[in-house]
Amino acid sequence: AVLQEREHLDRTFYSFSEVYEKLDDKRRFLKNHVPIGLKKMQMFGIPNPIIEVDCAADFTASEFLDQLTFLLQWSSENMSAPPPGQKRMTFINLRDFPVSMIECPDKVLELVQGIAMMPPSIRPVGMLQEEPIGEYFAEEVAAWNQEVRDTMDANGWPSLFQQDGETLDGLLLAHVHKQWGLADAVVLDVLAAGADGVWCSICEEGAAMGHASSCVTLANLARLGNKDVLKRYQTQKLATAAREVTKLTTNKNVPERQIVYGPRAIESVFGFSGIAGGAADASFDKDGDGVIDEVDHFSLAKFLGVEEPPIRINSLSSPDLVVRRLKQCFGDCPEFTEDIAKLMLVKMIQQLEDNIEFEHTSPMGISMLWKEATGSFHPKMMNYENDMEQLTHKTNIFLQQAEECFCQNLEEGEDGIEYRQFYDAYLQPYFGCFTCPRTRFVLDYIEMDKDGKLSWNEWRFWCLWALRTYPEEISNLDDLHTVVFRYAILPLSLHDKAHDINADYKKSIVVSNGEISLPKTK
């Protein structure tokens, strides 16, 4: 019913159907039987069938051709008409393509020849070839694909799309499953060997390990110098679309290490060149053709509509990268210098040596690293939360609950909790005494404006950090408080060395009116 109500979309829809589903007493195709897939397409008004054929099955090419001719004729007479002026977009999918090209290549090519010679009135617009197990090398699949293309061309069914860029007839498309890391290379070789394109999702989600996606394929073609994809597609929207489809399909976000459209795909990670994620070398002839051009300077970030790639901070980052990341998060500021960045990197390494692992790339993560290195948050970091995008529904609920809990411990007329009150309400389960140096260190660390009290905005910072960094571990308010202490406060309280090393330094750093005063080094 839903499909029938969307008539303006139905005519561009596709659906799959088996070439047969019933056999006669002699185990041959049942004459004049229409598979349920095609009948459902007729019922829902979907005009474009993709008919699945397993060529290695125990049928001759002539038997397949007779069955296909019947089904194509039936589709033409009984299924919804395509949009005015357009041909029905029927495809024949060679579902077991690599297997059949190994076991019965002559039968495959005889079948392709017969389809090519069908009357244009019922002939499909093209062939699909599927590599369903992700096991074969790119050169193998490309060679088989070339044989199919040559057979189509030799029998009066060339790709008209390659001639004028518009007419959809004589198409040869590929679909490649993932399994052993070969899929994207297979797609590129198949395209170079005569295929017109790919049929797939914009993202890699699919049966088993997934399949080579159009988003990755288009990015690969663009970086190799294909200008047509830049004209034909709105490439700046590809990554967003791929992420959205992934979310709709799996109800999960795209994995961090997903190539091309994952969160880390366009990050700058190193300040030096010669490695993925490193700085670009403007003088390097990447393809070795003797000419330095846009192919050598291809930027995935710009291809996807991101003018400046985001930077991921790690222990190998250069001070320059840290400064650039600070500016990305909080804008240009004279205090964001390489001297401060060096101190931040030293602090990061100290944390790692003490088995404390924080992320330092997000605005909140790099803010915490800044505070560790300088002793206080920069004013722009304090104001950052006011400029953040709308929080998620879950985050809002937990922040509201956390604020209600916090306010229950406020004295009437006060806007902050005294250290002792905060200890009694929050810290007592984790620290044995209020007067212990470690407890005082934690209280000083949590508080940001050094007025001797903890305000809701100060505690909110830590709650928000927990909600954004460990959302999967938080299902109630107790979980939220536990995550704050377990992953932020407790590790830092055990980091006595950090407190000792920076004691004098912290006392002498002052941020005022856009200027920062640093202690003299001994």
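What you see below is based on every heavy atom in this structure, not just the backbone, and it leaves out hydrogens, waters and symmetry mates.
Judged purely by atom type and a 3.5 angstrom limit, Arg123 uses its side chain to pair as donor or acceptor with the backbone of Ala116. Under the 3.5 Å distance criterion, the side-chain polar atoms of Asp96 are left unmatched by any main-chain donor or acceptor of Val99. A distance-only check finds no donor-acceptor pair linking the side chain of Arg88 to the backbone of Val125 [under 3.5 Å]. Side chain of Arg95 to backbone of Glu130: no donor-acceptor contact under 3.5 angstrom is found. No donor-acceptor pair under 3.5 Å is formed between the side chain of Asn155 and the backbone N or O of Met117. In this structure, the side chain of His211 engages the main chain of Ser201 through a donor-acceptor pair within 3.5 Å. Between the side chain of Ser317 and the main chain of Asn314, a donor-acceptor pair closer than 3.5 Å is present. Side-chain atoms of Asp54 do not come within 3.5 Å of backbone N or O of Ala56 as any donor-acceptor pair.
No side-chain heavy atom of Leu111 sits under 4.5 Å from any side-chain heavy atom of Ile92. No side-chain heavy atom of Asn253 sits less than 4.5 Å from a side-chain heavy atom of Thr246. Looking at Arg325 and Pro363, their side chains come closer than 4.5 Å, going by heavy atoms from C-beta outward. Contact check for Val34 versus Asn78: no side-chain heavy atoms found under the 4.5 Å cut-off. Looking at Val190 and Val176, their side chains never come closer than 4.5 Å, going by heavy atoms from C-beta outward. For the pair Glu244/Cys203, no side-chain contact is recorded, criterion being any heavy-atom separation below 4.5 Å from C-beta on. Side-chain contact between Tyr261 and Val216: present, with at least one pair of heavy atoms (C-beta onward) separated by less than 4.5 Å. You'll find the side chain of Leu38 reaches within 4.5 Å of the side chain of Trp74, heavy atoms only.
Separation of atoms CD1 (Ile397) and CG (Asn476) is listed at 12.5 Å; rounding is to 0.5 Å. Rounded to the nearest 0.5 Å, atoms CG (Leu345) and CG (Leu369) are 7.5 Å apart. With values rounded to the nearest 0.5 angstrom, Gln351 atom CD is found 7.5 Å from Met348 atom CE. In this structure, Lys22 NZ and Ile36 CD1 are separated by 9.0 Å, a value rounded to the nearest 0.5 Å. Rounding to the nearest 0.5 angstrom, the gap separating the CG atom in Leu94 from the CG atom in Leu128 is 8.0 Å. Atom CD1 of Ile50 sits about 9.5 Å away from atom CE of Met89, to the nearest 0.5 Å.
When all heavy atoms of Ile366 and Cys329 are compared, the pair lying nearest together is CG2-SG, 4.4 Å. Taking both residues in full, the closest heavy atoms of Thr235 and Val229 are given as CG2-O, 4.0 Å, listed atom of the first, atom of the second, then distance. The shortest heavy-atom contact between Ser367 and Phe330 is OG-CZ, 3.2 Å. Considering all non-hydrogen atoms of both residues, Ser213 and Cys200 come closest at C-SG, 3.8 Å. Heavy atoms only, all atoms of each residue included: Lys178 and Met209 are closest at O-CB, 3.1 Å. Between Cys55 and Cys104, the closest heavy-atom pair is O-SG, 3.8 Å.
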Criterion side-chain contact (heavy atoms from CB on, under 4.5 Å) on Leu326 and Cys333, from CA distance to verdict: CA-CA 9 Å; Leu326 286 167; Cys333 191; over 6 Å; no
Check step by step if side-chain contact (heavy atoms from CB on, under 4.5 Å) holds for Gln162 and Asp196. CA-CA 7 Å; Gln162 295 299 330; Asp196 296 280; 2.8 Å; yes
Report the C-alpha separation of Val19 and Phe64 in whole Å, then their side-chain angles, then the decisive distance to 0.1 Å, and conclude whether the side-chain contact (heavy atoms from CB on, under 4.5 Å) test is met. CA-CA 8 Å; Val19 70; Phe64 275 123; 4.3 Å; yes
Kindly indicate, with the supporting measurements, whether the criterion side-chain contact (heavy atoms from CB on, under 4.5 Å) is fulfilled by Thr69 and Met118. CA-CA 8 Å; Thr69 300; Met118 287 181 175; 3.5 Å; yes
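Using modelled atom types, one finds no donor on one side chain facing an acceptor on the other under 3.5 Å when comparing Gln146 with Arg149.
In the displayed structure, Asp58 atom CG is contacted under 6.0 Å by at most 12 heavy atoms of other residues, nucleotides or ligands. No more than 12 heavy atoms of other residues, nucleotides or ligands lie within 6.0 Å of OH in Tyr233, so this atom counts as exposed by the packing criterion. Under a cut-off of 6.0 angstrom, the local environment of NZ in Lys40 is sparse, with at most 12 non-hydrogen atoms contributed by other residues, nucleotides or ligands.
The aromatic rings of Tyr20 and Phe59 stand perpendicular to each other, their planes meeting at an angle above 60°, with 30° marking the opposite boundary. Using the six-membered ring where Trp is involved, Phe97 and Trp144 have ring planes that are perpendicular, over 60° apart on the 30 and 60° scheme.
We find that Lys252 and Glu205 are not joined by a salt bridge, their nearest charged nitrogen and carboxylate oxygen being 4.0 Å or further apart. Using a 4.0 Å cut-off between charged side-chain N and carboxylate O, Arg28 and Asp24 make no salt bridge.
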Between side-chain atoms of residues 131-143 and protein atoms elsewhere (two or more places apart, or another chain), which donor-acceptor pairs fall under 3.5 Å?
{"from": "Glu131", "atom 1": "OE1", "to": "Ile133", "atom 2": "N", "distance (Å)": "2.9"}
{"from": "Glu131", "atom 1": "OE1", "to": "Gly134", "atom 2": "N", "distance (Å)": "3.0"}
{"from": "Glu131", "atom 1": "OE2", "to": "Gly134", "atom 2": "N", "distance (Å)": "3.2"}
{"from": "Glu131", "atom 1": "OE2", "to": "Glu135", "atom 2": "N", "distance (Å)": "2.9"}
{"from": "Glu131", "atom 1": "OE2", "to": "Tyr136", "atom 2": "N", "distance (Å)": "3.2"}
{"from": "Glu140", "atom 1": "OE1", "to": "Phe137", "atom 2": "N", "distance (Å)": "2.9"}

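Looking at residues two or more places apart in sequence or on another chain, you find a ring pair (Phe, Tyr, Trp, His ring centres under 6.0 Å) between Phe336 and Trp370, His378.
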